[in-house]
Amino acid sequence: MKMSRLFVETKREFPNDAEAVSHKLLVRAGFIKKLTNGIYTYMPLAKRVLSKISDIVREEMNKSGAQELLMPFVQPAEVWQKSGRWQVYGKELLRCKDRHDNDMCLAPTHEEVITSVVSDTVHSYKDLPLNVYQIATKFRDEIRARFGLLRGREFIMKDAYSFHTSQEDLEREYKVMAQTYTNIFKRCGLETKVVQSDSGAIGGAVSHEYMVLTDTAVGENDVFYCEHCDYSANSNHAISILPEEITDGAKYGYTKEEIVDTPNTKTIEELAKFLKVNANCILKAVAYIYDSKPAIVMIRGDKEVEETKLMNALNALEIRPMEDSEVRDLLGFEPGFISYKNVDTNKVKVLFDNTTKGMKNFVVGGVGSDKHLVGANLEENIKDFVDISLVKEGEYCPICHKPLKVTRGIEVGNIFQLGTKYSAPMNACYTDEQGQLKPFIMGCYGIGVSRTMAAAIEKYHDEFGIIWPMAIAPYQVDIVPVNIDDEMQSKTAYEIYEELTKQGIEVIIDDRIDRAGVKFKDSELIGFPIRITVGKTISEGLVEYKTRLTGDMVKLSVKDAINKAIEDVKKSS
Ligand code: ATP
Ligand code: MG
């Protein structure tokens with residue numbers, strides 16, 4: 001491909017609405033064009049990368065025995081009503097009506113459709129197991145579409161769905177998929193960490209995420225992991241052992257329950273300072289609205305609430321912290337002095353986090369403005385504790401008790417054991433060996449194809465631009481004749497171009513009548529893995545061979561440069 005013909009426009013400046021490196025670089029290097037918030041056109045360079053990632057996904061999925069199909073993007077409400085998700089899926093599901101006033105939606109995922117397709121097609125245990133997948137566009141009206149392709153509203157996903165007659169067989173396939181995912185990301189040049197995760201709106205009991213860990217990670221995921229054992233989990237699922245399991249206010253002289261004045265102590269810090277206690281001796285209350293109802297969460301003073309865990313514990317679709325006015329109106333407390341005490345539990349849901357178990361002689365609110373109760377203990381009837389706290393770095397690994405570390409990650413893939421979550425309500429059954437109808441036992445497996453492209457950039461870039469891993473580079477080699485008007489330079493550049501193309505290598509020749517500096521800048525910005533520069537030294541028979549990743553530059557004969565390019569491409573794709 002001639003650079004002069006390539007449908008691309010590189011920009012000098014970064015876009016000003018971009019925070020993430022991958023977003024900035026994808027726009028500046030001409031890979032994507034924004035149509036509207038979270039919706040982009042993939043320009044030819046991006047399309048090539050997406051096709052390469054898709055090809056790798058396809059090859060590995062096929063190798064694992066899965067079969068590709070393609071399902072509708074626009075779907076009728078009926079299938080969603082059958083599974084029960086029409087009512088519970090939040091605003092991410094974009095709903096609309098067709099001309100006959102039928103409720104329709106744009107596919108955010110395809111569990112419903114595939115379950116109905118398989119239910120219509122597979123009747124006997126003899127036709128199971130089955131694993132089918134597609135690579136297709138999804139639409140989710142994300143509340144915070146941002147970071148370019150990392151969290152788009154329209155994006156490309158590979159989604160696979162497997163159907164089984166037993167939990168054991170599902171677990172077998174789950175392992176096959178886990179290995180397939182590791183292979184896929186490795187072939188894309190990405191190392192991934194597999195972490196335990198929350199199942200979210202998709203549901204099911206067991207699920208794992210494939211995370212690309214990066215220094216720049218703008219991914220919204222914190223991953224807690226242990227360096228001494230295999231434990232690693234998304235923060236929405238991570239658990240830990242606290243350094244100080246039991247906290248006792250007696251340490252600070254609070255052994256007897258009494259109300260004390262604590263003026264101007266709205267925050268835990270102010271209160272701890274005023275009473276000269278450690279925050280872990282304070283029983284903190286946090287007020288939330290969940291699905292329009294009030295809730296109070298009790299948690300140890302030095303800990304924070306993990307909102308995904310809380311959402312699960314409340315079985316809620318939406319949660320948000322209470323406004324001050326709501327605290328006054330719904331709870332009757334002054335903000336900063338809330339507690340489970342003196343609350344009508346018929347009207348307000350109260351939850352106790354695991355970290356409150358075993359607290360003794362603590363400090364707690366709920367006894368009026370500018371007052372706290374000290375030396376308090378939980379009533380004996382409080383027995384139900386849930387895990388709704390956010391793990392902190394340095395707390396101990398739940399498996400081997402060594403300190404946990406934290407890092408940021410981008411979730412590129414996700415695997416779930418769904419069980420009968422969809423097949424049961426949708427009445428999707430097969431006939432077993434005894435002639436009985438049984439619901440399919442299902443698994444589902446997603447990969448964010450467009451997100452993977454962005455994650456690769458988050459991982460591989462420098463101040464000059466993108467550094468594509470060879471396997472997913474839009475073109476592998478960029479040939480730059482320094483002066484296209486110089487006959488020898490031009491002729492040699494085209495010879496190299498022809499030869500490499502003949503060898504099946506994807507090559508750009510920068511035939512533009514432009515300064516060499518401009519061509520070099522674009523080459524680095526776009527991120528071609530190899531650059532061959534044909535300049536003045538061609539009079540001595542030499543060209544310059546530059547490897548984008550290492551920055552290494554060597555002078556080689558034309559023949560050697562061609563051979564090295566072939567070798568480098570083969571070696572790392
Ligand atoms: P997230 O927690 O990031 O919203 P998810 O759990 O909703 O992801 P899944 O429903 O499991 O995601 O979708 C499978 C894969 O699709 C994810 O692992 C991710 O790589 C990708 N994906 C999900 N949402 C988006 C999005 N808004 N933009 C780009 N890729 C996405
Ligand atoms: Mg999501």
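As a basis for the values below, the full set of heavy atoms in this structure was taken, side chains included, without hydrogen atoms, waters or symmetry mates. Start at 1 and go down the list; that is how both ligands and their atoms are numbered.
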> Between R85 and E111 (salt bridge meaning N to carboxylate O under 4.0 Å), is one present in this structure?
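Counted as a salt bridge, because a side-chain N and a carboxylate O are separated by less than 4.0 Å.
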> Which ligand 1 atoms are under 4.0 Å away from a heavy-atom of E142?
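Counting atoms of ligand 1 from 1, those under 4.0 Å from E142 are 24 (N), 26 (C), 27 (N).
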> Within the side chain of D353, is there an N or O that forms a donor-acceptor pair under 3.5 Å with the backbone of S389?
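Such a contact is found between D353 side chain and S389 backbone.
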> Tell me which one of N414, V449, I447 gets a heavy atom nearest to atom 6 (O) of ligand 1.
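The option holding the nearest heavy atom is N414.
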> Give the numbers and elements of all ligand 1 atoms closer than 4.0 Å to a heavy atom of V412.
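In order of number, 18 (O), 20 (O).
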> State whether F155 and R451 meet the cation-pi test: NZ (Lys) or CZ (Arg) under 6.0 Å from the six-membered ring centroid, and within 45° of the perpendicular axis.
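Relative to the ring axis of F155, which defines the angle, R451 lies outside at least one limit.
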> Which atoms of ligand 1 sit under 4.0 Å from any heavy atom of L150?
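By the 4.0 Å cutoff, the relevant atoms are 28 (N), 29 (C).
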> Ligand 1 and G448, any nitrogen or oxygen pair closer than 3.5 angstrom?
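Yes; the residue has a nitrogen or oxygen that sits under 3.5 Å from a nitrogen or oxygen of the ligand.
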> Could you label the plane-to-plane angle of the Y174 and Y445 rings as parallel, tilted or perpendicular, counting under 30° as parallel and over 60° as perpendicular?
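The arrangement is tilted - the two ring planes meet at 30° to 60°.
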> Identify, by atom number and element, the atoms of ligand 1 in contact range of F416, meaning under 4.0 Å from any of its heavy atoms.
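Taking each heavy atom of F416 in turn, ligand 1 has 11 (O) under 4.0 Å.
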> Of all the heavy atoms in S450, does at least one lie under 4.0 Å from an atom in ligand 1?
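Outside the 4.0 Å threshold, so no.
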> For atom 10 (O) of ligand 1, which candidate among R140, R144, E154 holds the nearest heavy atom?
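Looking at heavy atoms only, R140 sits closest to atom 10 (O) of ligand 1.
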> Just to be sure I read this right, does ligand 1 sit under 4.0 Å from the backbone of R451, its side chain, both, or neither, counting only heavy atoms?
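Side chain only.
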> Is there a salt bridge (charged side-chain N to carboxylate O under 4.0 Å, His left out) between E304 and K284? Walk through the geometry before answering.
CA-CA 9 Å; E304 303 300 327; K284 172 163 77 174; 3.6 Å; yes
> Relative to the heavy atoms of M157, which atoms of ligand 1 are at a distance of less than 4.0 Å?
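The list of qualifying atoms is 13 (O), 14 (C), 16 (O).
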> Could you tell me which atoms of ligand 1, counted from 1 in the order shown, lie closer than 4.0 angstrom to a heavy atom of L149?
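Near L149, meaning under 4.0 Å from one of its heavy atoms, ligand 1 has 29 (C).
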> Between the side chain of Y181 and the main-chain N/O of G446, is any donor-acceptor distance below 3.5 Å?
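Yes.
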> Thinking salt bridges, do R300 and D302 make one under a 4.0 Å N-O criterion?
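Salt bridge between R300 and D302, a charged N being under 4.0 Å from a carboxylate O: yes.
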> Has the side chain of R548 got a donor or acceptor atom that lies under 3.5 Å from a matching backbone atom of G527?
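Flag not set: sc R548 to bb G527 has no pair under 3.5 Å.
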